[in-house]
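If you read the sequence from its start, that first residue is 1, and numbering goes on from there. Computed from a predicted model, the values in this text were never measured in an experiment.
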Amino acid sequence: MIKEKLIPYLEKSFKEFWNMPAFTDYPGPSTSYQEAARRVVWMHKLFHLYGLNKGDKIALVGKNCTNWAIVWLSGATYGLTVVPILYNFSPEDTQHIINHSDSRLVFISKEKYDAIDADLLKNIKGIIGLESFTSLPGGNATPSEVLKPLEQMDELRNLTPQMFHLNDVCDNEDLAAIIYTSGTTGFSKGVSLPHRAFLANLIYSRTTLPYTVGANLLSFLPLAHALGFTIDLLYPFTRGNHIHFMDKIPAPKLLLAALGEVKPEVVVAVPLLLEKIYKKQIQPQIESPRIKKLLGIPVVNQLIYGKIRSKLIKAFGGNLKNLLVGGAPLNAEVESFLLKIKFPVTVGYGMTECAPLISYAHWYERKLTSSGRIMTLAEGRIESPDPFKIPGEILIRGDLVFTGYYKNPEATAETLVDGWLHTGDIGTIDKDNFVFIKGRCKNVILGPAGENIYPESIEEKINNLPYVLESLIIEKDSRLIALVYPDLESLDANHVPETQVNEIMEQNRQKVNRTLADFSKIYKLQIVSEPFQKTPTQKIKRYLYS
């Protein structure tokens with residue numbers, strides 16, 4: 001069991017990096033650690049005036065921004081449980097989560113506030129605008145007195161590191177957050193995460209991930225998601241990093257422009273983004289006849305790989321030391337090439353129920369198609385007669401594991417069994433504790449003789465084929481159907497007429513079938529007209545297409 005505490009870590013960070021920049025709402029001005037500390041103290045006064053006590057819940061609805069970070073840091077250090085709500089949730093879902101979580105105070109952006117019906121929010125004391133921290137109509141209580149704006153409080157204007165102090169009011173079993181995830185099942189559950197879960201991630205990250213003190217970081221994954229919060233906010237905050245917030249996952253062109261300005265050392269991204277960059281910028285080069293020929297010549301091929309690597313590093317701002325990919329598996333072809341050119345990319349594995357890291361390995365020691373080594377402070381095993389060779393469900397236990405689903409004992413009992421978290425992921429593990437994920441338990445399709453078919457592995461092969469942007473394997477009448485969304489941009493760029501698309505996709509089907517076992521061959525390839533709907537970590541919502 002972890003003996004350290006989260007709040008002292010945060011207090012130490014405020015004091016140690018007092019005069020350094022902490023947050024920027026890209027591309028705006030920065031907020032220092034000192035200014036962030038002043039805002040936290042002011043926020044604590046606000047909580048007190050609303051009569052909030054340790055263990056009360058506060059809902060947080062907004063895009064990535066400095067004030068989002070301030071609310072979370074303030075709530076956690078006051079002893080409250082923060083309920084971050086994904087910005088792309090519908091107004092109805094947002095209202096339901098606020099009520100279901102028993103939130104007493106709501107911090108919400110104006111755009112989302114205008115979309116909800118505040119009269120339907122139950123038992124809340126008040127609603128605070130996230131942009132300016134001013135009271136909005138709604139709630140059943142008013143503060144005992146009006147809190148002066150931060151700028152008018154002399155005692156905070158002159159706050160020094162010696163004066164700044166956070167009471168360590170929380171035990172490691174106290175809830176730090178309840179995160180409602182859309183997942184891929186269509187049913188949102190509140191994941192109850194205690195302080196120890198975030199601490200386990202923080203302690204591991206501080207000893208393993210290469211974040212240089214004071215370095216720039218670009219945060220664009222949703223902070224309301226465990227991966228974005230822990231790796232783009234909590235951990236870098238304790239390293240004195242300057243975190244630049246982007247309010248959403250940008251298109252590759254906008255992201256590369258921002259990376260060029262911020263010049264981060266570490267970037268955390270979802271695989272889809274990296275796969276798009278590879279397919280658009282790298283694959284056309286290495287598949288040209290001239291480059292293909294040169295890549296077959298020793299020494300010359302290393303020079304070409306070095307130039308491609310340098311070009312990629314420059315595209316990510318020039319200072320990149322590590323590109324951490326998480327949230328979904330990385331295409332094996334993309335990963336293989338990037339490791340061949342020694343590009344510093346690594347794939348981590350995690351889930352919200354672990355806040356979120358489960359496994360990770362440095363890019364220079366990772367194994368192809370693995371999701372890294374089970375992290376310290378955790379224990380993992382495979383529910384299989386031969387965990388090295390026969391895939392089985394991945395089970396995890398340790399300080400990083402959540403305490404259960406909020407007000408859902410049935411789902412908790414199914415997922416937490418004898419202290420082990422049943423992840424729902426299928427994989428193997430090797431003698432070095434590296435995990436190799438094959439797919440999700442609920443996605444496995446049984447072949448004609450009971451064979452296990454992992455749709456994710458077939459989709460990976462399809463996605464590497466010409467003019468395919470993304471795909472999804474479904475079963476219909478005991479046959480496998482591939483739903484494919486074409487790469488319209490590439491079709492247009494190469495002036496491919498619409499009348500040829502079906503023929504190209506049929507050629508793709510035949511090509512991929514030559515690489516598949518008889519029981520997993522694709523019977524039909526069907527083109528879809530719109531991109532697949534996805535979760536915040538860009539995983540396809542399979543339940544919508546089954």
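Ring pair His362/Tyr360 is perpendicular by interplanar angle, where above 60° counts as perpendicular and below 30° as parallel.
You'll find the side chain of Val345 stays beyond 4.5 Å of the side chain of Glu335, heavy atoms only. Side-chain contact between Leu234 and Leu10 is present, with heavy atoms from C-beta onward closer than 4.5 Å. Side-chain contact between Arg542 and Leu472 is present, with at least one heavy-atom pair separated by less than 4.5 Å. Within the 4.5 Å cutoff, side-chain heavy atoms of Asn508 are placed close to those of Met505. Side-chain contact between Leu217 and Asp232 is present, with heavy atoms from C-beta onward closer than 4.5 Å. Counting heavy atoms from C-beta on, the side chains of Leu323 and Leu338 never come closer than 4.5 Å. At least one side-chain heavy atom of Lys367 sits under 4.5 Å from a side-chain heavy atom of Asp430. With a 4.5 Å cut-off on side-chain heavy atoms, Phe343 and Leu320 count as touching.
Here Ile394 contributes atom CD1 and Arg440 contributes atom CZ; the two are 9.5 Å apart, rounded to the nearest 0.5 Å. For the atom pair CD (Gln526) and OH (Tyr485), the distance works out to 15.0 Å, reported to the nearest 0.5 Å. For the atom pair Lys311 NZ and Ile341 CD1, the distance stands at 11.5 Å (nearest 0.5 Å). Taken from CD1 in Ile445 to CD1 in Ile473, the straight-line distance is 7.0 Å, to the nearest 0.5 Å. Leu400 contributes atom CG, which lies 11.5 Å from atom CG of Leu199 (distance to the nearest 0.5 angstrom). Between the CG atom in Leu202 and the CD1 atom in Ile231 there is a gap of 9.0 Å [rounded to 0.5 Å].
Annotation: salt bridge (Lys or Arg N to Asp or Glu O under 4.0 Å) contacts of Arg509 (sequence neighbours excluded): Glu506. Checked against salt bridge (Lys or Arg N to Asp or Glu O under 4.0 Å), Arg206 has no partners two or more places apart in sequence or in another chain. Residues meeting the side-chain hydrogen bond (donor to acceptor under 3.5 Å, both in side chains) test with Asn494, sequence neighbours left out: Tyr467. Scored by the ring pair (Phe, Tyr, Trp, His ring centres under 6.0 Å) test, Tyr211 finds Tyr235 as partners (sequence neighbours excluded). Residues satisfying the salt bridge (Lys or Arg N to Asp or Glu O under 4.0 Å) criterion with Glu456, sequence neighbours excluded, are absent altogether. Evaluation of the salt bridge (Lys or Arg N to Asp or Glu O under 4.0 Å) rule for Glu16 yields Lys12 as partners, not counting sequence neighbours.
Between Thr369 and Arg366 the shortest heavy-atom distance is N-NH2, 4.2 Å. Contact detail for Ala332 and Glu460: the closest heavy-atom pair is CB-OE2, 3.0 Å. Contact record, Thr515 with Val512: OG1-O, 2.7 Å, taken as the closest heavy-atom pair. Between Ala355 and Thr230 the shortest heavy-atom distance is O-OG1, 2.9 Å. Nearest approach of Pro531 to Lys534, heavy atoms of both residues: CB-NZ, 4.3 Å. The minimum heavy-atom distance between Ser370 and Val347, with the atom names listed, is O-CB, 4.2 Å.
A donor-acceptor pair is defined here as one N or O able to donate and one able to accept, closer than 3.5 Å; no such pair exists between the side chain of Asn433 and the backbone of Ile429. In terms of modelled atom types and a separation under 3.5 Å, the side chain of Thr31 and the main chain of Ala36 share no donor-acceptor contact. Under the 3.5 Å distance criterion, the side-chain polar atoms of Glu470 are matched with a main-chain donor or acceptor of Phe532. At least one donor-acceptor pair under 3.5 Å links the side chain of Asn513 to the backbone N or O of Ile522. Within the 3.5 Å criterion, the main-chain N or O of Lys307 finds no donor-acceptor partner in the side chain of Ser310. Counting only distance, with no hydrogens or angles, the side chain of Thr207 and the backbone of Tyr204 share a donor-acceptor pair below 3.5 Å. Side chain of Ser384 to backbone of Ile390: a donor-acceptor contact under 3.5 angstrom is found. In this structure, Asp399 contributes its side chain and Arg196 its backbone to no donor-acceptor pair below 3.5 Å.
Residue Tyr545 qualifies as enclosed at atom OH: its count of foreign heavy atoms under 6.0 Å is above 12.
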Would you be so kind as to tabulate the donor-acceptor pairs closer than 3.5 Å made by side chains of residues 290-297, with sequence neighbours excluded?
none

Return all side-chain donor-acceptor pairs below 3.5 angstrom for residues 253-275, not counting sequence neighbours, or 'none' if the list is empty.
from   : atom 1 : to     : atom 2 : distance (Å)
Glu261 : OE1    : Tyr26  : OH     : 3.4
Glu261 : OE2    : Tyr26  : OH     : 3.0
Lys263 : NZ     : Gly260 : O      : 2.9
Glu265 : OE1    : Thr212 : OG1    : 2.7
Glu275 : OE2    : Asn331 : N      : 2.9

Would you mind writing out the side-chain donor-acceptor pairs for residues 17-24 within the sub-3.5 Å range, not counting sequence neighbours?
from  : atom 1 : to     : atom 2 : distance (Å)
Thr24 : OG1    : His242 : NE2    : 2.7

### Task
Begin with the C-alpha distance, continue with both residues' side-chain angles, and end with the deciding distance and a verdict on side chain to side chain contact (heavy atoms under 4.5 Å, CB included) for Arg381 and Trp420.
CA-CA 9 Å; Arg381 67 181 178 89; Trp420 288 94; 3.5 Å; yes
### Task
Test Arg479 against Lys524 for side chain to side chain contact (heavy atoms under 4.5 Å, CB included), laying out the working first.
CA-CA 8 Å; Arg479 290 168 168 169; Lys524 180 182 178 182; over 6 Å; no
### Message
side chain to side chain contact (heavy atoms under 4.5 Å, CB included), that's the test. Do Phe402 and Thr415 meet it? Break it down for me.
### Response
CA-CA 10 Å; Phe402 78 137; Thr415 307; 4.2 Å; yes
### Task
Apply side chain to side chain contact (heavy atoms under 4.5 Å, CB included) to Ser336 and Leu368, showing your working.
CA-CA 7 Å; Ser336 177; Leu368 186 63; 4.0 Å; yes
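A salt bridge is absent between Glu489 and Lys276: the closest approach of a Lys/Arg side-chain nitrogen to an acidic carboxylate oxygen does not fall below 4.0 angstrom.
Both tests do not hold together for Lys438 against Tyr454: distance to the six-membered ring centre under 6.0 Å, angle to the ring axis within 45°.
The closest side-chain donor-acceptor pair between Tyr87 and Asp247, if any, does not fall under 3.5 angstrom.
Identified under the ring-ring contact (aromatic ring centres under 6.0 Å, His included) test for residues 259-293, with sequence neighbours left out: Tyr278-Phe337. Residue pairs meeting the side chain to side chain donor-acceptor pair (under 3.5 Å) criterion with at least one member in residues 61-72, sequence neighbours excluded, are Asp25-Thr66, Arg39-Asn67. Residue pairs meeting the ring-ring contact (aromatic ring centres under 6.0 Å, His included) criterion with at least one partner in residues 374-399, sequence neighbours excluded, do not occur; the list is empty.
Partner of Phe237 under the ring pair (Phe, Tyr, Trp, His ring centres under 6.0 Å) criterion, out of Tyr9, Phe229, Tyr33, Phe198: Tyr33 alone.
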